[in-house]
Amino acid sequence: KKNKQMMLKTIMIYTVLIILIFTLDNDIVNSVDSLLENESLSYLIVVLLVSLVIKISSISSYHGAEHMVINYYNKYTDLDFNNLESISRVSNSCGSVLILIIFILFYILNFITPYSDLNLLVSYMVGYEVFISKNKYFKFVFFLSGIFQKYILTSKPSKTQLKVAIIALKRSIDR
């Protein structure tokens, strides 16, 4: 029920914004439109907005709980979860690492060639290979991603959120 309400609110806000864009012909709309013509900047704005939504919602706490439970399980390979609060919320296997790698490559390629669609595709392909290789040459990117995860994409979870993450892991590994 909450998801339906949230979806309806989102659709309503989107509809109002579209109506405003089509009906208003003023300097604000024109400046926003010219700002969004730059694809590199548009992608960056989307990532920043999504990050902001994650940070101000409970998603960041659940995301932190997920990382803590996975990091514990990877380290100790048991399902006791003793002293879970001391486990890090940073994970090099998180999708945010992949996104950061892709964006770094994308922005570098945009300085070289003007084909942003092709640059995004190539950045994704190369970025994915870097992500799965965990190559030591990209240690700085993994470090940056860790900071991004710790301070923006994850928050300290509650005991209830940790319990939810534990249940999810136990069910996913079928124990």
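Along the sequence shown, the residues carry numbers beginning at 1. Basis for what follows: all heavy atoms, side chains included, without hydrogens, waters or symmetry-related copies. What you see is a predicted model; the values in this text were computed from it and never measured.
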Under a 4.5 Å side-chain heavy-atom rule over Ile, Leu, Val, Met, Phe, Trp and Tyr, are [X] and [Y] clustered together?
X	Y	result
Ile102	Ile132	yes
Tyr73	Tyr76	yes
Leu8	Ile13	no
Leu121	Phe111	no
Leu120	Tyr128	yes

Once side chain to side chain contact (heavy atoms under 4.5 Å, CB included) is applied, do any residues pair with [X], and if so which ones, sequence neighbours excluded?
X	answer
Asn83	Ser86
Ile54	Val50, Ile59, Ser60, Leu153
Ile147	Phe143, Tyr151
Ser61	Ser155, Gln161

(request) Sequence neighbours left out, what passes side chain to side chain donor-acceptor pair (under 3.5 Å) with Asn119? Give chain and number order. (result)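 By the side chain to side chain donor-acceptor pair (under 3.5 Å) rule, Asn119 matches Asn110, Thr113.
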(request) Check side chain to side chain donor-acceptor pair (under 3.5 Å) between Ser133 and all other residues, then give those that pass, not counting sequence neighbours. (result)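 Result, side chain to side chain donor-acceptor pair (under 3.5 Å) vs Ser133: none returned.
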(request) Would you list the pairs meeting salt bridge (Lys or Arg N to Asp or Glu O under 4.0 Å) in which at least one residue belongs to residues 83-96, sequence neighbours left out? (result)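 Only Glu85-Lys159 qualify under salt bridge (Lys or Arg N to Asp or Glu O under 4.0 Å).
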(message) Rounded at 0.5 Å granularity, tell me how far CG in Asn74 sits from CD1 in Ile87.
(response)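 Going from CG on Asn74 over to CD1 on Ile87, the span is 10.5 Å.
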(message) Enumerate the ring pair (Phe, Tyr, Trp, His ring centres under 6.0 Å) contacts for residues 77-101, please, sequence neighbours excluded, ordered by first and then second residue.
(response)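 Passing the test, one end in residues 77-101: Tyr72-Phe81.
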(message) Take a 6.0 Å sphere around NZ of Lys134 and say whether it holds more than 12 heavy atoms from other residues, nucleotides or ligands.
(response)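 Yes, enclosed.
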(request) Please say whether more than 12 non-hydrogen atoms of neighbouring residues, nucleotides or ligands are located less than 6.0 Å from NZ in Lys55. (result)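 Counting neighbours around NZ of Lys55, more than 12 heavy atoms of other residues, nucleotides or ligands fall under 6.0 Å, so yes.
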(message) Could you check whether any side-chain N or O of Asp78 sits under 3.5 Å from a backbone N or O of Asp80, counting only pairs where one atom can act as donor and the other as acceptor?
(response)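 At least one qualifying donor-acceptor pair exists.
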(message) Quick check against the 3.5 Å criterion: does Ser145 have a side-chain atom that pairs as donor or acceptor with the backbone of Val141?
(response)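 No.
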(request) Given side-chain contact (heavy atoms from CB on, under 4.5 Å), test Leu144 with Phe140 step by step and report yes or no. (result) CA-CA 6 Å; Leu144 281 178; Phe140 183 69; 3.4 Å; yes
(request) Quick one: list whatever passes ring pair (Phe, Tyr, Trp, His ring centres under 6.0 Å) with Phe142, sequence neighbours left out. (result)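 Ring pair (Phe, Tyr, Trp, His ring centres under 6.0 Å) check on Phe142 returns nothing, list empty.
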(request) Kindly write out the residues that satisfy ring pair (Phe, Tyr, Trp, His ring centres under 6.0 Å) with Phe131, not counting sequence neighbours, or none if the list is empty. (result)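 Applying ring pair (Phe, Tyr, Trp, His ring centres under 6.0 Å) to Phe131 gives none.
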(request) Would you indicate whether the side-chain heavy atoms of Ser123 and Phe103 approach each other to under 4.5 Å? (result)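 A side-chain contact under 4.5 Å is absent here.
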(request) Evaluate the side-chain proximity of Ser88 to Met68: yes if any heavy-atom separation is below 4.5 Å, no if none is. (result)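 Heavy-atom side-chain distance check fails, nothing below 4.5 Å.
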(request) Go through Leu79 and Ile173 one step at a time and tell me if the side-chain contact (heavy atoms from CB on, under 4.5 Å) criterion holds. (result) CA-CA 10 Å; Leu79 297 172; Ile173 60 175; 3.7 Å; yes
(request) Could you list who else is in Val164's hydrophobic cluster, with ILVMFWY side chains joined at under 4.5 Å, directly or through other members? (result)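 Besides Val164, the hydrophobic cluster comprises Tyr62, listed by chain and residue number.
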(message) Please give me the minimum heavy-atom distance between Leu162 and Val69, naming the atom from each residue.
(response)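 The pair with the smallest heavy-atom distance is O-CG2, 4.1 Å.
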Could you give the side-chain donor-acceptor pairs of residues 90-100 under 3.5 Å, partners two or more places apart or in another chain?
{"from": "Ser91", "atom 1": "OG", "to": "Ser93", "atom 2": "N", "distance (Å)": "3.2"}
{"from": "Ser96", "atom 1": "OG", "to": "Gln149", "atom 2": "NE2", "distance (Å)": "3.4"}

